[in-house]
Amino acid sequence: MVKELRVTPIRNGTVIDHIPPGMGLKILSILMHDDPAGRTMTLAMNVSSARQGKKDVLKVEDLELTPEQVGKIALLAPEGTINIIRDSNVVKKEKVVLPDRVVGIVRCGNPNCITNQREPVEPEFVVVSRSPPRLRCLYCERELEDIIGNIL
């Protein structure tokens, strides 16, 4: 007999759904870095999905994401959705949207770029492609090869 585990619903917080398989851990890591206090987080990996085949799902109690956090998630899960939960009900559901420009979320991979020098210049990228995400540095015009490894 196969025993099935169920994840309990959250009362208040955020559910990030339609995360590509394996990216849930990276998103979890980003949120844990941004929230050292340590909220309760539940990560389900490789869950069956009619739309994606497999997906990851992340539930975070008592947290509504900042625009910066949503921007980081958009780089890792461009097809993701964010559900805001209040009193155990979904009050808001939106698709993750990668903006035309990404500012201050990732660093340029070019060590000679002005954003990597001791200048007070914030990294800024133009979105070349949304799915898969591809970014080009506004300053040195180099396309970022490792988005995940350069997320701030």
Side-chain angles (χ1 to χ4, degrees), residues 1-110 115-116 122-138 142-152:
M1 181 165 110
V2 176
K3 189 172 185 177
E4 188 172 317
L5 290 174
R6 295 279 181 189
V7 177
T8 58
I10 60 175
R11 183 163 166 69
N12 294 299
T14 301
V15 176
I16 306 165
D17 199 359
H18 302 105
I19 301 169
M23 287 295 167
L25 278 174
K26 295 182 187 323
I27 293 172
L28 178 66
S29 175
I30 288 168
L31 294 179
M32 288 175 66
H33 179 267
D34 290 350
D35 182 31
R39 299 174 199 279
T40 301
M41 298 183 190
T42 305
L43 175 61
M45 299 179 70
N46 294 317
V47 177
S48 293
S49 167
R51 189 167 98 185
Q52 289 177 254
K54 295 280 186 181
K55 67 179 180 179
D56 291 355
V57 180
L58 179 60
K59 296 180 177 190
V60 186
E61 292 190 32
D62 300 318
L63 175 72
E64 290 190 24
L65 301 171
T66 66
E68 182 179 89
Q69 289 169 320
V70 172
K72 290 176 183 180
I73 291 167
L75 291 169
L76 300 173
E79 305 295 321
T81 55
I82 296 174
N83 301 301
I84 305 300
I85 312 296
R86 292 192 191 119
D87 295 321
S88 302
N89 294 309
V90 176
V91 295
K92 185 176 180 184
K93 183 174 185 165
E94 58 187 27
K95 284 192 61 62
V96 171
V97 177
L98 189 60
D100 293 333
R101 291 190 186 265
V102 175
V103 181
I105 295 176
V106 292
R107 77 175 65 83
C108 184
N110 177 2
T115 61
N116 289 322
E122 192 168 37
E124 186 170 345
F125 293 84
V126 174
V127 175
V128 177
S129 167
R130 285 182 167 69
S131 188
R134 290 182 32 229
L135 307 176
R136 187 179 67 243
C137 179
L138 184 69
R142 185 177 287 187
E143 191 167 311
L144 188 59
E145 293 179 21
D146 178 19
I147 292 174
I148 295 168
N150 284 295
I151 291 178
L152 297 172

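- With a 4.5 Å cut-off on side-chain heavy atoms, Gln69 and Ile30 do not count as touching.
- Looking at heavy atoms from C-beta onward, Val57 lies in side-chain contact with Val15 at the 4.5 angstrom threshold.
- Interatomic distance, Leu98 CG to Ile73 CD1, rounded to the nearest 0.5 Å: 12.5 Å.
- Listed here is the closest heavy atom pair of Ser129 and Pro132: OG-O, 2.8 Å.
- For Leu75 against Pro133, the heavy-atom pair with the smallest separation is O-CG, 3.3 Å.
- Contact annotation: the side chain of Cys108 approaches that of Asn116 to within less than 4.5 Å [non-hydrogen atoms, C-beta and beyond].
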Anything under 3.5 Å between a donor and an acceptor, one on a side chain of residues 87-94, the other on a protein residue two or more places apart or in another chain? List them.
{"unit_1": "Asp87", "atom_1": "OD1", "unit_2": "Arg11", "atom_2": "NH2", "d": "3.3"}
{"unit_1": "Asn89", "atom_1": "ND2", "unit_2": "Asp87", "atom_2": "O", "d": "3.3"}

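- Remark: Leu58 CG to Thr14 OG1 distance equals 9.0 Å, nearest 0.5 Å.
- Closest approach of Ile105 to Val102, counting heavy atoms only: CB-CG1, 3.8 Å.
- Here the closest non-hydrogen pair linking Gly109 and Arg142 is O-NH1, 4.5 Å.
- Between atom CD of residue Glu64 and atom CD1 of residue Ile84 there is a gap of 4.5 Å, rounded to the nearest 0.5 Å.
- A 4.5 Å side-chain heavy-atom check between Met45 and Leu25 finds at least one atom pair inside the cut-off.
- The salt bridge (Lys or Arg N to Asp or Glu O under 4.0 Å) pairs that include a residue from residues 47-58 are Asp17-Lys55, where partners are two or more places apart or lie in different chains.
- Looking at Thr42 and Ile10, their side chains never come closer than 4.5 Å, going by heavy atoms from C-beta outward.
- Taking CD of Glu124 as the reference point, atom CZ of Arg101 lies at 5.0 Å (rounded to 0.5 Å).
- Once rounded to the nearest 0.5 Å, the distance linking CD1 of Ile82 with CD1 of Ile16 reads 5.5 Å.
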Pairs of donor and acceptor atoms involving the side chains of residues 144-152, under 3.5 Å and at least two apart or interchain, shall be tabulated with distances.
{"unit_1": "Asp146", "atom_1": "OD1", "unit_2": "Gly149", "atom_2": "N", "d": "3.0"}
{"unit_1": "Asn150", "atom_1": "ND2", "unit_2": "Asp146", "atom_2": "O", "d": "2.8"}

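- Asn110 is not listed as a side-chain neighbour of Cys137, based on a closest heavy-atom distance of 4.5 Å or more.
- Counting only heavy atoms from C-beta outward, the side chains of Val126 and Leu138 approach each other to under 4.5 Å.
- His18 and Ala77 get closest at one heavy-atom pair: O-CB, 4.5 Å.
- Side-chain contact between Asp100 and Arg130 is present, with heavy atoms from C-beta onward closer than 4.5 Å.
- Within 6.0 Å of atom NZ in Lys26, 12 or fewer heavy atoms from other residues, nucleotides or ligands are found, so the atom counts as exposed in its surroundings.
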Evaluate side chain to side chain contact (heavy atoms under 4.5 Å, CB included) for Leu31 paired with Leu65, printing each intermediate quantity in order.
CA-CA 9 Å; Leu31 294 179; Leu65 301 171; 3.7 Å; yes
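- When all heavy atoms of Asn46 and Pro21 are compared, the pair lying nearest together is OD1-CB, 3.4 Å.
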